[in-house]
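For reference, the structure is listed below as structure tokens.
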Amino acid sequence: MLVQDTVAKEIKQILDITEVSFNIPPKREMGDFSTAVSLAQAKRLKKPPIQIAEEIKEQLAGINLPFIREISVTTPGYLNFKIDHPAYVQSVMQQVFKEKDAYGRSKSKKRLKVLIEHTNVNPNKAMHIGHIRNAIIGDTVSRTLRASGYNVEVCNYIDDTGVQVADVVVGMLYMYAPVYGVDTTDLADIWAKYDTSQSFDYWCWDLYARVQEEYEKYADLRKRREEVLHELESHKGPIAEFGKEVATKIVHAHLATVARLNIFYDLLNWESDILERGFWKTAFEKLKQSGAVVYETKGPNAGCWVVRYGRGLVQTKDGVRSEDKILVRSNGTVTYTGKDIAYQMWKFGVLENDFLYKLWGIQPNGQELFTTAPDGEQMDRFGHAGRVINVIDVRQSYAQQIVYQSLRKLGYVREAKNSEHLGYEIVVLSASAAAELGEQSEDVDQAGIQAMSGRKGLGVKADDLLNRMIERLMEKVEKRETAEILAAAAVRYFMSRFGINKMIVFDFNEALRTTGDTGIYIEYAHARACSILAKAGKIDFTKVSTPEKVTVPEMNLIRIIEEYPSVLERSGKERSPSGLARYAFDLASAFTDYYENPDPEAEERVPFIKIKDPELRAYRLSLVAAFRQTLANVMNVLGIVPLERI
RNA sequence: GCGCCUGUAGCUCAGCGGAUUAGAGCAUCUGACUUCGGAUCAGAGGGUCGGGGGUUCGAGUCCCUCCAGGCGCGCCA
């Protein structure tokens with residue numbers, strides 16, 4: 001518990017208010033922290049702030065506040081507090097050493113089950129850096145919520161029946177000889193087209209882009225797409241099976257890519273299983289019964305089943321539109337939104353239908369991964385969440401809101417309230433990155449920024465980014481394993497640093513940097529601390545005493561260490577990886593500052609391990625140990641593997 | 001037309017519920033270990049926090065308004 005918290009509690013009681021904020025005084029002699037609460041309350045209490053401050057001071061003096069040594073009042077009414085440094089340092093360090101890996105984690109187990117879905121990449125080509133942002137945000141938030149005590153279930157939705165997969169299937173079956181159905185019906189012949197010198201997801205990346213070009217030229221190929229899409233949706237027959245095989249192969253590739261980034265899941269949810277298990281049929285019946293969906297007999301949506309929204313007809317730049325949301329088209333097919341409503345209901349366990357499940361495999365971290373499957377078995381451990389978080393980019397905000405509002409109209413008010421769209425801005429390419437990828441800038445905006453495009457095959461593949469980083473790191477690192485972990489740290493940190501609704505303008509120089517505010521810096525600080533501790537030998541940190549005088553760098557470091565539990569809690573509540581990334585950097589900086597200059601008043605700087613005075617030596621090293629533990633804990637939440645050596 | 005997001009140093013970004021002198025990193029310049037990891041550290045220059053109003057003793061932060069940019073508002077997926 002922060003020192004400030006106990007003070008805040010007392011002040012809240014004294015003034016009968018709900019919030020008290022603290023800050024650091026401009027001059028250190030004034031105190032370790034201060035509050036301007038009496039200035040804020042002056043108007044309400046109709047008293048001069050300085051008088052209020054004096055009164056609070058009087059009352060606080062009568063209470064035994066832990067670690068508070070002195071309280072003073074300065075004009076125009078600030079309350080300044082001085083901390084009993086040695087006792088405080090001692091207390092924080094002992095807490096870290098006692099709790100170890102659990103330091104910072106919430107002590108209370110929460111019963112709420114949180115289902116978080118992320119990644120959700122179309123299984124038709126290699127992942128790019130935009131997909132990686134999604135997976136990293138989702139994984140970091142999952143880890144944060146777990147650390148906050150929640151029961152978290154991580155799902156990854158696989159759209160194996162959509163047009164994107166259909167396009168790749170079209171490409172494989174019909175674009176080059178032998179053409180399926182004409183030259184052959186043997187799928188082995190089709191698979192022979194795959195040039196195995198490339199990984200399958202990379203090969204599909206190019207194929208997908210080429211198919212898009214061909215569609216422009218050949219109408220009959222576009223017709224093939226309709227057929228294939230229909231076949232995939234029917235989830236029966238050789239083409240559907242082939243599509244599933246293609247998608248499965250790509251999913252394996254995607255899982256391998258994200259595993260490099262230390263990202264794992266509990267369950268893969270396949271669209272084909274949502275279709276097969278009749279989710280929509282059940283949801284549609286419920287929607288009709290509730291009256292939330294109505295059949296339109298006239299107007300622009302005649303022949304469709306719609307949910308009524310907004311103001312009916314509305315003016316947009318593309319002409320007049322109905323704001324009502326169509327769930328079933330006039331040709332009888334279901335829209336994406338319709339299927340999404342059914343799926344969201346499953347997540348909360350309010351749809352009678354359920355998937356069948358089977359084990360997909362054991363992930364590199366040892367965790368079991370399950371998948372929905374037509375030939376699986378019943379299990380009751382999945383879904384039935386109390387809260388659902390969908391990590392999807394911000395362009396889907398409107399569609400997500402429609403889904404949640406539809407749930408409400410259906411009568412699932414609680415579920416609607418507990419549905420959360422974790423929207424993040426997309427990753428785009430800087431002018432130089434686009435140029436490097438060989439894109440002639442046609443439709444770029446003024447800054448030369450360019451959106452990635454799977455259709456054009458324009459984008460930075462996730463594996464390429466990691467590989468380039470590794471290549472750069474190998475100049476200074478001996479083992480490839482180490483470079484792999486460092487590269488993952490760098491990429492995860494890079495993607496986490498940005499606020500969630502900040503567009504990332506991707507630039508190679510910036511992303512591949514190894515100095516300054518980077519994941520490498522974090523790893524380096526950790527490895528350095530490990531190295532010092534290894535050289536120091538065995539010390540019983542639980543028996544270390546703190547000197548009378550705590551230096552400024554020591555105090556800065558310990559205060560940041562102490563902040564960790566509250567930072568973790570806040571990051572969880574705000575679903576904010578960037579707060580954790582910032583904290584990790586601040587913590588590492590405070591350590592290097594302490595390491596470089598632990599006592600600014602000392603005449604000479606002596607390395608910790610060579611300090612003569614055994615008590616001071618043990619104390620300095622125990623701070624290193626407490627730092628190392630705390631940093632390792634944040635790194636774990638950020639999904640970064642702490643290295644002991646680089 | 002409506003809705004959401006963004007605008008802070010040359011560049012990329014932090015800045016929680018208002019609080020004393022707006023912070024980092026990169027880039028530029030100047031420095032620093034015969035001892036713990038130089039992927040580091042110390043220092044310098046660089047800002048009317050998009051503009052304008054307002055609330056407040058006090059605003060990058062709250063409110064209004066305008067400007068610029070991005071995204072969204074399909075019987076597309």
Q: Kindly assign one of parallel, tilted or perpendicular to the pair Phe494(A) and Phe506(A), based on the angle between their ring planes and the thresholds 30° and 60°.
A: perpendicular
Q | Along RNA chain B (nearest heavy atom to each residue), the more 5'-positioned of Met503(A) and Ser397(A) | A | Ser397(A)
Q | Distance, C1' atom - from U21(B) to C49(B), rounded to whole angstrom | A | 15 Å
(Q) Checking contacts here: which listed nucleotide (C36(B), U12(B), A39(B)) is nearest the side-chain heavy atoms of Thr515(A)? (A) A39(B)
**Q.** Nearest-angstrom distance, P atom, C16(B) to U28(B)
**A.** 31 Å
Q.
Categorize Tyr398(A) for me: base, sugar-phosphate, or nothing, with a 4.0 angstrom heavy-atom threshold over every strand shown.
A. sugar-phosphate
Q | Integer-rounded Å distance: C4(B) P and Gln405(A) CD | A | 13 Å
Q: Would you mind telling me which of A77(B), C75(B), U40(B) lies closest to the side-chain atoms of Gln396(A)?
A: A77(B)
Q.
Just to be sure I understand the rule, does Val334(A) reach a base, reach only the sugar-phosphate, or reach nothing, if contact means heavy atoms closer than 4.0 Å?
A. nothing
(Q) Checking side-chain polar atoms at under 3.5 Å, does Glu554(A) have a donor or acceptor matched by the opposite partner on Thr551(A)? (A) yes
Q) Is the closest side-chain donor-acceptor distance between Asp393(A) and Gln396(A) under 3.5 Å? A) no
(Q) Any base atoms under 4.0 Å from Gly499(A), or only sugar-phosphate, or nothing? Heavy atoms, all strands. (A) sugar-phosphate
**Q.** Rounded distance in Å between the C1' positions of U48(B) and C29(B)
**A.** 26 Å
Q: Name the closest nucleotide to the Arg513(A) side chain, picking from G37(B), G25(B), G70(B).
A: G25(B)
**Q.** Salt bridge flag under 4.0 Å for residues Glu296(A) and Arg308(A)
**A.** yes
Q.
From C-beta outward on Lys502(A), which listed nucleotide comes closest to its side chain: C5(B), U8(B), C41(B)?
A. U8(B)
Q | Nearest-nucleotide pick for Leu473(A), side chain only, options being A24(B), A39(B), U40(B) | A | A39(B)
Q: Identify which nucleotide among G37(B), C75(B), C16(B) has an atom closest to any side-chain atom of Arg645(A), counting heavy atoms from C-beta outward.
A: G37(B)
Q. Between G38(B), C5(B), A39(B), which nucleotide gets closest to the side-chain atoms of Asn501(A)?
A. C5(B)
Q. Which of these nucleotides, C73(B), A39(B), A24(B), is closest to any side-chain atom of Thr514(A)?
A. A39(B)
Q: Can you tell me, in whole Å, how much space there is between the P of C2(B) and that of U65(B)?
A: 12 Å
(Q) Under 4.0 Å, counting only non-hydrogen atoms across every strand here, what does Ala529(A) touch: a base, just sugar-phosphate, or nothing? (A) nothing
**Q.** Base-pair map of RNA chain B as dot-bracket, where | denotes pairing with a different strand and pairs are Watson-Crick or G-U under 3.5 Å
**A.** (((((((..((((.........)))).(((((.......))))).....(((((.......))))))))))))....
Q) On a whole-Å scale, what distance lies between the P atoms belonging to A59(B) and G52(B)? A) 14 Å
**Q.** Sugar-phosphate only, base, or nothing, as touched by Ala399(A) at under 4.0 Å among non-hydrogen atoms
**A.** nothing
Q) Tyr343(A) and Trp280(A): aromatic ring centres closer than 6.0 Å? A) no
**Q.** Spacing of the P atoms in C41(B) and G25(B) (rounded, Å)
**A.** 8 Å
Q | Closest to side chain of Asn80(A), choosing from G7(B), G25(B), U20(B) | A | U20(B)
Q.
Taking any heavy-atom pair under 4.0 Å as a contact, classify Tyr595(A): base, sugar-phosphate, or nothing.
A. base
Q | Residue pair Asn390(A) / Glu420(A), side-chain donor-acceptor N/O under 3.5 Å | A | no
Q | Distance, P atom - from G46(B) to G69(B), rounded to whole angstrom | A | 31 Å
Q: May I ask you to check whether Tyr424(A) and Asn134(A) show a side-chain donor-acceptor distance below 3.5 Å?
A: yes
Q) What nucleotide, of C41(B), C5(B), C16(B), holds the atom closest to the side chain of Arg570(A)? A) C16(B)
Q: Mind calculating the distance between CG (Asn331(A)) and P (A77(B)) to the nearest angstrom?
A: 10 Å
Q. Across the strands shown, which category fits Ile646(A) at heavy-atom distances under 4.0 angstrom: base, sugar-phosphate, nothing?
A. base
**Q.** Base C75(B) to side chain Ser330(A), donor-acceptor N/O within 3.5 Å cut-off
**A.** yes
Q) For Leu621(A), which contact category applies under a 4.0 Å heavy-atom criterion: base, sugar-phosphate, or nothing? A) nothing
Q. Between atom CZ in Phe498(A) and atom C1' in U6(B), what is the gap in whole Å?
A. 14 Å
Q) Phe508(A) CZ to C11(B) P: how many Å, rounded? A) 22 Å
Q) By side-chain contact (heavy atoms from CB on, under 4.5 Å), which residues pair with Thr337(A), not counting sequence neighbours? A) Lys325(A), Leu327(A), Thr335(A), Ile341(A), Ile402(A), Val403(A)
Q: With the side chain counted from C-beta on, respond yes when Leu557(A) and Phe591(A) share a heavy-atom pair under 4.5 Å apart, and no when they do not.
A: yes
Q: Give one of base, sugar-phosphate or nothing for Val394(A), where a contact means two heavy atoms less than 4.0 Å apart.
A: nothing
Q: Assign Ser531(A) to base, sugar-phosphate, or nothing according to its heavy-atom contacts below 4.0 angstrom with the strands shown.
A: base
Q. Can Tyr521(A) be said to stack with the base of A39(B), given centres closer than 5.5 angstrom and planes under 30 degrees apart?
A. no
Q) Is the gap between the ring centers of Tyr619(A) and Phe541(A) under 6.0 Å? A) no
Q: Let me know the distance between NZ of Lys476(A) and P of A39(B), rounded to the nearest Å.
A: 4 Å
**Q.** Euclidean distance, atom CD1 of residue Ile326(A) to atom C1' of C73(B) [Å, nearest integer]
**A.** 14 Å
**Q.** U20(B) pyrimidine/purine six-ring stacking with Tyr78(A), under 5.5 Å and 30°
**A.** yes
Q: Quote, to the nearest angstrom, the C1' distance that separates C71(B) from G10(B).
A: 28 Å
